[in-house]
Amino acid sequence: MQLKTLYKKALDLVPLTAEEGTALYHEAPLEDLIFIGDRLRQIHVPGNNAGWMIDRNVNITNICFSQCKFCNFCRKKDSPDAYVTSIEEYIKKINELMSLGGDQILLQGGMNPDLGIEFYTTLFRNLKELYPALKLHALGPPEVVYLSKKENLPYSEVLRRLADAGLDSLPGAGAEILSDRVRQIVSPAKATSREWLDVMREAHRLNLPTSATMMYGHIETVAERIRHLVSIRELQEGKPESSYGFITFIPWPFQDEGTLLAKRHGIKSSYNAPDYLRLVAISRIMLNNITNLQSSLLTIGKEVAMLSLHAGANDLGSIMIEENVVSAAGSNNRFNADEIQDIIREAGFNPVRRNQKYEQV
Ligand code: SF4
């Protein structure tokens, strides 16, 4: 395959096939990919702005039946430190968030077999009653699949009830790698690739803003990374024209510290900076129909995040006032609002604070 032909297709925003993307990943020099990733970023997001936001993770519960092998956060029901967050704790955390100028919580956690749709809709309603301006970026496709099975409801109905109760947007959590070979090994109890994509298709039909993610660097092949990107692009192609669809794509590397994958299977994170930049640029190329690409400052740290803004990314995500899931596996790159803006400036961009829909605030 001629690299120059692939470069031209990429720069013309022509979708590359999975084979072409895999060839590019293996064969293209990193500097070429960074150049193309940056050019494409300028087409999608003209100018010199890079986004950031203030939100807060709040974990609904750490009880989870899924027991994914890369997760140090989940607990069994009878564990001494198992919890379900109380309304008093939400109030304390949201008050702190608002005192820092934030208005969104990222509500995630385990799939607790005792919690059904009624629990979530009541929680969302209570939070919205207490804080009408609060935005709820909550749950993810695996929870929707779980609730659908538990309540015997179609995905569309689960999503509709959650949205009626106050869900503002659906994170792309739990995508990991959209390959059932990989999922059978790292997270066999979680939603399949097809289920993850089917939930997102329904969310797009309901016009819920969504994001897409990838957790890479464990047991997947490069071809599986590329196939993941193609699956996301194809779903985005089929979204209703007026729907938000996937507003952004966020890749982050597997954090191995203390995980079952590392302890029992000897699988260490394959993360390294050049490969992250390669992935960012290739994601920009493969996802020719998604406007935003967010780097994972929390997992990759300042220097690589700054470089990623020159390789196709246009956003460094949230200051993450509280994050317990990825941090439990060794990620600790925390920054406050001033620091994240300084990082963006140091990289040569103008920091622009945004909301979940990537609108400037
Ligand atoms: S990653 Fe999420 S779904 Fe998997 S075990 Fe942890 S909390 Fe449960």
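In each ligand, atom 1 is the first atom listed, and ligand 1 is the first ligand listed.
Taking backbone and side chain together, C64 holds no N, O or S atom under 2.8 Å from atom 4 (Fe) of ligand 1.
Atom numbering of ligand 1 starts at 1 in the shown order; those under 4.0 Å from a heavy atom of K190 are 1 (S), 3 (S), 4 (Fe). Distances below 4.0 Å separate heavy atoms of F70 from the following atoms of ligand 1: 1 (S). Listed by number with element, the atoms of ligand 1 under 4.0 angstrom from any heavy atom of M111 are 3 (S).
Comparing C74, C71, A173 by heavy-atom distance to atom 6 (Fe) of ligand 1, the nearest is C71.
Under 4.0 angstrom from ligand 1, the non-hydrogen atoms of C68 come from both its backbone and its side chain. Using a 4.0 Å cut-off between heavy atoms, Q67 contacts ligand 1 through its backbone alone, with no side-chain atom that close.
Around CD of Q2, the count of heavy atoms belonging to other residues, nucleotides or ligands within 6.0 Å does not exceed 12. In this structure, R181 places its CZ atom where more than 12 heavy-atom neighbours from other residues, nucleotides or ligands lie under 6.0 Å away. Within a 6.0 Å sphere centred on CZ of F35, heavy atoms belonging to other residues, nucleotides or ligands number 12 at most.
Here N62 contributes atom CG and C71 contributes atom SG; the two are 9.5 Å apart, rounded to the nearest 0.5 Å.
For E176, the salt bridge (Lys or Arg N to Asp or Glu O under 4.0 Å) partners two or more places apart in sequence, or in a different chain, are K190. Residues passing the side chain to side chain contact (heavy atoms under 4.5 Å, CB included) test with T213 are A175, I250, W252, sequence neighbours excluded.
By the 4.0 Å heavy-atom criterion, F65 is excluded from the residues contacting ligand 1.
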